[in-house]
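Reading through the structure tokens given below for one structure.
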Amino acid sequence: ASEMATMMDVSVTQIISACMSLGMMVTMNQRLDAETLSIVADEFGYKVEFITADIEESITEVEDKPEDLVDRAPIVTVMGHVDHGKTSLLDYIRKENVIAGESGGITQHIGAYGVKLDNGQKIAFLDTPGHEAFTAMRARGAQVTDIAIIVAAADDDIMPQTKEAIAHAQAAGVPIVFAINKIDKPTANPEKIKEGLAQMNLLVEDWGGKIQSHDISAKVGTGVKELLEKVLLEAELLELKANPNKPAVGTVVEAFLDKGRGYVSTVLVQAGTLRVGDYVLAGKSSGKVKAMQDERGNDVAAAGPSTPVSILGLDGAPQAGDKFNVFEDEREAKQIASKRTQLQREQDVRTTKSLTLDEIGRRIALGTFKELNIILKGDVDGSVEALTDSFQKLSTEEIQVNIIHKGVGAITESDVLLATASDAIIIGFNVRPVGNARSIADQEEVDIRTYSIIYDAINDLKDAMEGMLSPEL
Ligand code: GDP
């Protein structure tokens, strides 16, 4: 605050009182978040320009004309409960799908792979199954997945992680195709799974609904081809298109340091075409693409939309979920990479990205808040349902309360990730965070509130929505 006062040539008291009029108590040495800075500066007739915004704005993406767009393959993530067969399904598809004219399946693990069906249509798979990876990428701002295959074993029930996977896909607005797996087992009962889904208001086609599902055996291969055809049908509805004739943009899937070859990064091209010789910026790393390989270990010279490739030549390992762009000249890419590194070093206190209940109250008071996303965990189903009902009734014309995920059980890492990616708060009723959930929540500044009295939980939320919640001590 005091720094800001000096810059604008006003007194600190003026800044503090401006903040107070926004309903915020600040101290002289407090760092203000970006939004507050802008509003306060505006009051004094200044405009705030953020260095981050500056940097990112210099990365211009070419606007596509409708006639430049061509169909692209869907990018698919496989999710579901542990041991229900995610890895088996990905392995089966990897082994069985051989691009015409190529002998042998995919041998390399590069984090993503493409397959081509008999009819020539393609699908790109992200090879790290699970909603944790999916949502971790989303938390970094990367929307890569077009369609989620959710695997549910037919010899089991709909399990907590099945529900989580559904919630994560829904929160991302990604359509789901269900793969009811293990139908080769004598104890398999696919109808029971479909019934369970129906109870969650998810009606699959056999049950008169619109959600695609197919009974499969990932082990034997039964139904996998048909499952993929349904994925393509779903993709058709999405009308996935991209312009291949421009500098490539996309997302990093994974990266590591190889002793012999240097940094190896797998990227998924989402638009444009990536070529050997291009100057690439990915997160805080940059460099000239020296070589590219597909998942079969073949050298490729160019990779178009929805194609995963591993690239050599970056000067570091970007993080999964980092965006990549291609630059005209290497200097510019290097400059931005070093600016990003510098910026991160300077930001000893990160501006708040996630949401706390206090922050919600403030934003509502400012009128900048429209939706309140909640993840609700409780000890018994009865209280979870009761709270869901009560919370939803708090919705007003201005603010919509969304329960994006609810369930019985402790607050897990996965809940925190979902909260980060969806700007949600977590409410626990008679349950606490377990494992690394608390530390990740602290790091990501996700608000976890735990209650043992229903009335208290409802009241806090109501107060926050009315913009008068007193800060938690
Ligand atoms: P993940 O944890 O979801 O990745 O599950 P895995 O793919 O590792 O599978 C867990 C176990 O179930 C393994 O022992 C698999 O062999 C087995 N499995 C997976 N799919 C099938 C299937 O279709 N039929 C049968 N009988 N077993 C399967």
Side-chain angles (χ1 to χ4, degrees), residues 75-97 105-113 115 117 123-137 144-145 147-170 172 174 176-197 200 202 204 206 212-231 253-254 266 295 308 320 405 407 409 412-415 417-418 435-436:
I75 300 167
V76 175
T77 298
V78 176
M79 308 198 257
H81 196 74
V82 64
D83 281 346
H84 278 201
K86 299 180 290 294
T87 312
S88 304
L89 177 61
L90 280 164
D91 282 349
Y92 181 83
I93 297 169
R94 191 201 331 260
K95 282 197 209 97
E96 289 308 308
N97 269 273
I106 300 158
T107 47
Q108 307 214 116
H109 170 90
I110 63 167
Y113 64 81
V115 297
L117 306 193
I123 304 176
F125 283 92
L126 289 168
D127 205 2
T128 314
H131 53 271
E132 289 85 0
F134 170 81
T135 298
M137 277 203 159
V144 187
T145 302
I147 294 167
I149 293 181
I150 295 186
V151 178
D155 65 339
D156 202 350
D157 293 314
I158 292 184
M159 297 300 281
Q161 286 173 306
T162 318
K163 288 187 188 164
E164 273 179 32
I166 293 168
H168 284 232
Q170 285 179 333
V174 169
I176 296 168
V177 175
F178 285 102
I180 320 254
N181 191 28
K182 306 199 186 183
I183 53 157
D184 58 291
K185 282 194 162 184
T187 48
N189 184 0
E191 290 313 304
K192 193 175 99 188
I193 299 293
K194 290 171 200 171
E195 185 185 344
L197 292 175
M200 297 171 67
L202 296 163
V204 299
D206 304 356
Q212 310 241 33
S213 99
H214 203 78
D215 298 352
I216 65 160
S217 165
K219 197 172 174 183
V220 188
T222 325
V224 174
K225 194 171 155 237
E226 291 78 8
L227 173 73
L228 299 187
E229 277 161 11
K230 288 189 173 171
V231 167
V253 176
E254 65 174 42
T266 297
E295 62 281 337
H405 178 47
T412 62
E413 241 178 275
S414 150
D415 295 328
L417 271 175
L418 182 60
N436 289 326

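Since the model is a prediction, treat every value here as computed from it, not as a measurement. Whatever order the structure lists them in is the order used to number ligands and atoms, beginning at 1. All residue numbers refer to positions in the sequence shown, counting from 1.
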task: Could you list the atoms of ligand 1 found under 4.0 angstrom from a heavy atom of K185?
output: 26 (N)

message: Evaluate A218 for polar contact with ligand 1, using N/O atom pairs at a separation under 3.5 Å.
response: yes

query: Going by an N to O cut-off under 4.0 Å, is there a salt bridge joining R94 and D127?
result: yes

Neighbour count above 12 (heavy atom, 6.0 Å) for K230 NZ: yes

- prompt: Can you list the atoms of ligand 1 that are under 4.0 Å from a heavy atom of H81?
  reply: 3 (O)

message: Within the 4.5 Å heavy-atom criterion, are H84 and M159 side-chain neighbours or not?
response: yes

query: Can you find a protein heavy atom closer to atom 26 (N) of ligand 1 than 4.0 Å?
result: yes

Element-labelled atoms of ligand 1 that are located less than 4.0 Å from some non-hydrogen atom of S88: 6 (P), 7 (O), 9 (O), 15 (C), 19 (C), 20 (N)

message: Whether the T135 and H168 side chains hold a donor-acceptor pair (N or O, under 3.5 Å, no angle test) is what I'd like checked.
response: yes

- request: Please name all residues satisfying salt bridge (Lys or Arg N to Asp or Glu O under 4.0 Å) with E229, sequence neighbours left out, ordered by chain then number.
  value: none

query: Can T412 and D415 be counted as having a side-chain donor-acceptor contact under 3.5 angstrom?
result: yes

- prompt: S414 and E132: side-chain hydrogen bond (donor to acceptor under 3.5 Å, both in side chains), yes or no, with the steps?
  reply: CA-CA 6 Å; S414 150; E132 289 85 0; 4.7 Å; no

Side-chain ion pair, E191 and K194, N-O less than 4.0 Å: yes

query: Where is the nearest protein heavy atom to atom 17 (C) of ligand 1: which residue, which atom, and how far?
result: K182 NZ, 4.0 Å

field: Heavy atom of protein closer than 4.0 angstrom to atom 13 (C) of ligand 1
entry: no

- request: Please could you name the atoms of ligand 1 that D83 approaches to less than 4.0 Å, counting only its heavy atoms?
  value: 1 (P), 2 (O), 3 (O), 5 (O), 10 (C), 12 (O)

- prompt: Tell me, which protein residue and heavy-atom name are nearest atom 24 (N) of ligand 1, and how many Å apart are they?
  reply: D184 OD1, 2.7 Å

message: For atom 4 (O) of ligand 1, what is the closest protein heavy atom, and at what distance to 0.1 Å?
response: T87 OG1, 2.5 Å

- request: Starting from atom 5 (O) of ligand 1, find the nearest protein heavy-atom neighbour and note its residue, name and distance.
  value: G85 N, 3.1 Å

